[in-house]
Number of protein chains: 2
Amino acid sequence: MVSARTSSDPARDIPEATVARLPVYLRALTTLVDAGTSTCSSEELAQAAGVNSAKLRKDLSYLGSYGTRGVGYDVEYLRYQIAREIGVTQDWPVVIVGIGNLGHALANYSGFRSRGFRVVALLDADPRRHQEAVAGVVVRPFADLERIVEEQDVAIGVIATPAVASQDVADRMVAAGITSILNFAPSVLAVPDGVDVRKVDLSIELQILAYHEQRKSSAAEVIA
Amino acid sequence: MVSARTSSDPARDIPEATVARLPVYLRALTTLVDAGTSTCSSEELAQAAGVNSAKLRKDLSYLGSYGTRGVGYDVEYLRYQIAREIGVTQDWPVVIVGIGNLGHALANYSGFRSRGFRVVALLDADPRRHQEAVAGVVVRPFADLERIVEEQDVAIGVIATPAVASQDVADRMVAAGITSILNFAPSVLAVPDGVDVRKVDLSIELQILAYHEQRKSSAAEVIA
DNA sequence: AGAAGTTTGTGAACGCGAGAACAAACTCGT
DNA sequence: ACGAGTTTGTTCTCGCGTTCACAAACTTCT
Ligand SMILES: NC(=O)c1ccc[n+]([C@@H]2O[C@H](COP(=O)([O-])OP(=O)(O)OC[C@H]3O[C@@H](n4cnc5c(N)ncnc54)[C@H](O)[C@@H]3O)[C@@H](O)[C@H]2O)c1
Ligand SMILES: NC(=O)c1ccc[n+]([C@@H]2O[C@H](COP(=O)([O-])OP(=O)(O)OC[C@H]3O[C@@H](n4cnc5c(N)ncnc54)[C@H](O)[C@@H]3O)[C@@H](O)[C@H]2O)c1
């Protein structure tokens, strides 16, 4: 049989830098749709997304030719195409492990649902957390992980445990069949090939800011 | 007068990619110190930080020559040098604006203090939040921003408000004298030159994972 | 002291991403 | 129908970051 992929969707590999920007474009387009805009130019969209218009056009060109020269892009249509390319036209089931300070905030976060994700389970090792419901989802024992992942076909896991527990949690997730992990713990996770890990690290972000802040002060000193 | 900078600290500009990794090295070194390690090779440290050893050595070479050939690095000494380079040998005062779900988690986060930052104020526009204390710090009116920034000489601000409010908050922060912003709201902030903005965006991270996850599934289909 | 072994620091090659610049393709007015 | 104006898609160039590979510098053993 011939490949099921359409001509507009060959298995081309989109540069990683572009992939990281597509969600930004998606959000900018959603904002435009909500504002009732039906068409926009690369210049307008680029401004809304905070990037250079040449870069935007180049990024979009990896997806296909969805614009019209002399006119611009159909906002609704482009939004759907990007959502499809990212894979958020349907909801992805997600489990969150570690329902402490941060886990609670994540579980309460309404932006999940509206952006292509659905929290199907909240897990914690501490029995005192169990039975509590956060945003309508009950906190369950960590031991339930394997069953939930299998039953609900979960591919994405979020780790919000202390750093010391994060590698163990990741190992269990991978063994259970999870292949994408978002790690909020300040740790470096080791995972097998084929498993993607992204990390969100507050301290690192602040320290990067601190570095530049320090340079600003010393630059000021030189002038003074 | 001759420049106050020492020969080991010329105003060389460290590549941005390296700056982003220094905090990772710092954390790995702190872990090693806690484990009682006194010396380590670039290979060991690179493994702990999750990077290639050649990259680690090149990164460190921008700071100076702090290793000993044939031996490796003195863990404690290197840790101090990196902390000094980043600028976290003293604490930076930080204000957090928007004490909702996420703001509470951030305010309760103990990792701030241990990594070079000190939360000096929690601000929220909603009067019902005021007077509440989170981790020993009282939530105060957003209108207090200017006074606090001036009195405590705050350079770094964290935004944890809804997206619609984030630009207004950023404008007020900049006007008050803040020059580094960490933005948790899903928005693109416009700020003047000289002000640094970094963003942490949960949805973007998840969507990047979703993109790769989708590719994994379609790759599996091709095989099947 | 000297040879063998170890590990750092860096020069050089390579690949990817950013941005400028322009031809192609479309709309609109006449 | 045709020219003027607009905006996309793409080519080309440049700079940055990654990685390899190796000389320099140190330790250890004989
Ligand atoms: N709170 C923040 O704003 C913040 C910011 C940045 C990073 N972090 C990081 O996020 C993580 C969580 O932070 P927090 O403030 O929510 O901590 P927390 O201590 O409040 O919550 C951690 C939760 O994980 C659970 N847990 C511990 N071990 C577990 C295991 N093996 N399996 C399942 N659950 C387990 C605990 O029972 C607890 O409920 C930490 O690694 C922290 O460094 C937090
Ligand atoms: N909760 C999460 O896990 C999470 C995850 C990712 C991103 N975010 C983003 O972080 C932000 C905060 O999320 P949240 O869940 O804490 O929301 P939230 O509604 O619980 O809290 C927002 C807080 O900001 C305050 N606020 C509103 N306008 C303000 C203003 N102009 N000045 C000062 N304070 C103001 C509100 O009073 C409220 O207390 C949102 O932009 C959200 O999209 C949250």
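All figures in this text were calculated on a predicted structure; none of them were measured in a lab. In the text below, chain A, chain B and the rest are named by the order of the sequence lines, each starting its count at 1. Just so it is clear, the values below take in all heavy atoms, side chains as well, and ignore hydrogens, waters and symmetry mates.
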### Task
Decide yes or no, distance alone: a donor-acceptor N/O pair under 3.5 angstrom between the base of dG9(C) and the side-chain of Lys58(B).
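When only heavy-atom distances are counted, Lys58(B) does not reach the base of dG9(C) through any donor-acceptor pair under 3.5 Å.
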### Message
Both Ser65(B) and Thr18(A) contact DNA chain C. Taking the nearest nucleotide for each, which residue is further toward the 5' end?
### Response
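Checking each residue's closest nucleotide, the 5'-ward one belongs to Ser65(B).
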### Query
Mapping Gly72(B) and Arg21(A) onto DNA chain C by nearest heavy atom, which one lands closer to the 5' end?
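The answer here is Gly72(B).
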Could you check whether any side-chain N or O of [X] sits under 3.5 Å from a backbone N or O of [Y], counting only pairs where one atom can act as donor and the other as acceptor?
{"X": "Lys199(A)", "Y": "Leu182(A)", "answer": "no"}
{"X": "Gln167(A)", "Y": "Ala190(A)", "answer": "yes"}
{"X": "Gln207(A)", "Y": "Arg115(B)", "answer": "yes"}
{"X": "Glu44(B)", "Y": "Ser41(B)", "answer": "yes"}

### Query
Taking protein heavy atoms under 4.0 Å as touching, what does nucleotides 21-30 of chain D look like 5' to 3' if B marks base contact, S marks sugar-phosphate-only contact and - marks none?
B--BBBS---
Could you tell me how far apart [X] ([atom1]) and [N] ([atom2]) are, to the nearest whole angstrom?
{"X": "Leu60(B)", "N": "dT8(C)", "atom1": "CG", "atom2": "C1'", "value": "10 Å"}
{"X": "Leu56(A)", "N": "dG17(C)", "atom1": "CG", "atom2": "P", "value": "16 Å"}
{"X": "Gln81(A)", "N": "dG9(D)", "atom1": "CD", "atom2": "P", "value": "12 Å"}
{"X": "Tyr73(A)", "N": "dA25(C)", "atom1": "OH", "atom2": "P", "value": "15 Å"}
{"X": "Asp13(B)", "N": "dG15(D)", "atom1": "CG", "atom2": "C1'", "value": "13 Å"}
{"X": "Tyr62(A)", "N": "dT8(D)", "atom1": "OH", "atom2": "C1'", "value": "15 Å"}
{"X": "Asp59(B)", "N": "dG9(C)", "atom1": "CG", "atom2": "P", "value": "12 Å"}
{"X": "Leu63(A)", "N": "dT8(D)", "atom1": "CG", "atom2": "P", "value": "15 Å"}

### Query
Do you know which of Val195(B), Val95(B), Val94(B) makes side-chain contact (heavy atoms from CB on, under 4.5 Å) with Ile178(B)?
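For Ile178(B), the side-chain contact (heavy atoms from CB on, under 4.5 Å) test succeeds with only one of Val195(B), Val95(B), Val94(B), which is Val95(B).
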### Task
Can you sort out the partners of Glu150(B) under side-chain hydrogen bond (donor to acceptor under 3.5 Å, both in side chains), two or more places apart, ordered by chain and number?
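For Glu150(B), no residue satisfies side-chain hydrogen bond (donor to acceptor under 3.5 Å, both in side chains) once neighbours in sequence are set aside.
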### For Arg79(B), side-chain hydrogen bond (donor to acceptor under 3.5 Å, both in side chains) partners two or more places apart
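Arg79(B) satisfies side-chain hydrogen bond (donor to acceptor under 3.5 Å, both in side chains) with no other residue.
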### Query
Would a line drawn from the ring center of Tyr66(A) to the ring center of Tyr77(A) be shorter than 6.0 Å?
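Under 6.0 Å, so yes.
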#### Entry: Residues that Tyr80(A) engages under ring pair (Phe, Tyr, Trp, His ring centres under 6.0 Å), provided they are two or more places apart
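With neighbours one apart ignored, the set is empty.
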### Task
Might you point out which heavy atoms bring Ile204(A) and Pro23(B) nearest each other, and give the distance in Å?
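Shortest heavy-atom contact: CG1-CB, 3.8 Å.
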### Task
Quick one: closest heavy-atom pair of Ser180(B) and Lys216(A), and the distance?
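For Ser180(B) and Lys216(A), the tightest heavy-atom pair comes out as OG-NZ, 3.6 Å.
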### Tyr66(B) side chain near dT7(C) phosphate (N/O to OP1/OP2, under 4.0 Å)
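No, because none of the side-chain N or O atoms of Tyr66(B) sits under 4.0 Å from OP1 or OP2 of dT7(C).
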### Message
Within residues 28-52 of chain B, which residues have any heavy atom lying less than 4.0 Å from an atom of DNA chain D?
### Response
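Under 4.0 Å from DNA chain D: Asn52(B).
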### Message
In the structure I gave you, are the side-chain heavy atoms of Gln214(A) and Trp92(B) within less than 4.5 Å of one another anywhere?
### Response
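Of all side-chain heavy-atom pairs linking Trp92(B) with Gln214(A), at least one is under 4.5 Å.
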### Task
Note the angle between the end axes of the helix from dA1(C)-dT30(D) to dT30(C)-dA1(D), five pairs defining each, rounded to 10 degrees.
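Roughly 10°, once rounded to the nearest ten degrees.
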